[in-house]
Amino acid sequence: EKQYRDMWVLMFMLCGISPIDLCHLKEIRHGRVAYRRSKTDQPLDVRVEPEALEIINRYHGTDHLIDVLDRWPSGHQNWLRRLNCNLKTLGGETYETGTAADGKQRVMAVRQETWPGLSAYWARHTWASIAASLDIPKETIAQALGHSQNSVTDIYIDFDRTKVDRANRKVLDWVLYSKC
């Protein structure tokens, strides 16, 4: 249960990175992860905050930054299915006495859906929603999420990544430490 929660939190802490992009990250360079968003081919560059680094270090992989594809060599889709299934039952384990297959009475763990709508996608949605509630400009949120340009003018603008860095830190401080 802890690993699935940690992966959701890590996706949130990396500005709502998608599961496929998280799985394919290779390295941290100069305190940042740089990648091309698989859905839009937009280049993204996210500062790795200390809280995210702690999770990354816990699940460090051999061929990739985190070990998901080491543990799931068949691909990220099977892991994502398992992740989404387990997210729905976070904190929903109870213990009941029941009859086991051998006919003996045993205490067995029973998992119940406590978060029926929770999925990996909600890390992205939650990050964006909290950022908006903290009055972070829509353009900065769009840039953090790797959304395509909104207008022809955007092609000529060299966006300042420090705006995304400050926005992410503000979101994390609000969520983790109740600071604005």
Side chains of [X] and [Y] in contact at under 4.5 Å (non-hydrogen atoms):
{"X": "Arg32", "Y": "Arg161", "value": "yes"}
{"X": "Leu145", "Y": "His125", "value": "no"}
{"X": "Ile20", "Y": "Lys39", "value": "no"}
{"X": "Glu27", "Y": "His64", "value": "no"}
{"X": "Arg47", "Y": "Asn168", "value": "no"}
{"X": "Arg169", "Y": "Glu49", "value": "yes"}
{"X": "Thr62", "Y": "Asp67", "value": "no"}
{"X": "Ile56", "Y": "Ile28", "value": "yes"}

Distance check, rounded to the nearest 0.5 Å: [X] atom [atom1] versus [Y] atom [atom2]?
{"X": "Arg166", "Y": "Asp173", "atom1": "CZ", "atom2": "CG", "result": "13.5 Å"}
{"X": "Ile141", "Y": "Cys15", "atom1": "CD1", "atom2": "SG", "result": "10.5 Å"}
{"X": "Thr126", "Y": "Met11", "atom1": "OG1", "atom2": "CE", "result": "10.5 Å"}
{"X": "Lys2", "Y": "Met7", "atom1": "NZ", "atom2": "CE", "result": "9.5 Å"}
{"X": "Trp72", "Y": "Leu83", "atom1": "CH2", "atom2": "CG", "result": "10.0 Å"}
{"X": "Leu14", "Y": "Leu10", "atom1": "CG", "atom2": "CG", "result": "4.5 Å"}

> Does the pair Asp63 and Leu69 meet the rule for a side-chain contact (heavy atoms from CB on, under 4.5 Å), with working shown?
Replying inline: CA-CA 8 Å; Asp63 293 331; Leu69 295 177; over 6 Å; no

> Below 6.0 angstrom between ring centroids: does that apply to Trp79 and His76?
Replying inline: no

>> Under a 3.5 Å threshold, yes or no: a donor from one side chain and an acceptor from the other, between Gln42 and Tyr35?
In response: no

>> With no hydrogens and no angle check, just 3.5 Å: does a side-chain donor-acceptor pair link Gln3 and Arg71?
In response: yes

>> Is it the case that over 12 heavy atoms from other parts of the model lie below 6.0 angstrom from the CD atom of Glu54?
In response: no

> More than 12 non-hydrogen atoms from neighbouring residues, nucleotides or ligands closer than 6.0 Å to OH on Tyr121, yes or no?
Replying inline: no

> Trp8 vs Phe12 aromatic rings, parallel, tilted or perpendicular, using cut-offs 30° and 60°?
Replying inline: parallel

> Can Lys104 and Thr99 be said to form a side-chain contact (heavy atoms from CB on, under 4.5 Å), step by step?
Replying inline: CA-CA 5 Å; Lys104 294 184 180 178; Thr99 306; over 6 Å; no

>> So does Arg82 get a backbone contact from the side chain of Asn86, meaning a donor-acceptor N/O pair under 3.5 Å?
In response: yes

> Do the side chain of Lys88 and the main chain of Leu118 share a donor and acceptor less than 3.5 angstrom apart?
Replying inline: yes

> Would Leu22 and Ile66 count as a side-chain contact (heavy atoms from CB on, under 4.5 Å) if you check the C-alpha gap in whole Å, the side-chain angles of each, and the deciding distance to 0.1 Å?
Replying inline: CA-CA 8 Å; Leu22 177 69; Ile66 60 168; 3.5 Å; yes

>> Before you tell me yes or no, could you show the steps for Asp21 and Ser18 under side-chain hydrogen bond (donor to acceptor under 3.5 Å, both in side chains), namely the whole-Å CA-CA distance, both residues' side-chain angles and the distance that decides it to 0.1 Å?
In response: CA-CA 5 Å; Asp21 294 332; Ser18 72; 2.9 Å; yes

>> For a side-chain contact (heavy atoms from CB on, under 4.5 Å) check, start with the C-alpha distance between Leu44 and Arg36, then their side-chain angles and the critical distance, and finish with the verdict.
In response: CA-CA 6 Å; Leu44 287 169; Arg36 293 190 91 68; over 6 Å; no

> Do Glu1 and Arg5 sit within salt-bridge range, that is, some charged N less than 4.0 Å from a carboxylate O?
Replying inline: no

Taking every non-hydrogen atom, the tightest pair across [X] and [Y]:
{"X": "Ala120", "Y": "Asn84", "value": "N-OD1, 2.7 Å"}
{"X": "Ser74", "Y": "Asn78", "value": "OG-ND2, 2.8 Å"}
{"X": "Trp127", "Y": "Ala144", "value": "CH2-CB, 3.5 Å"}

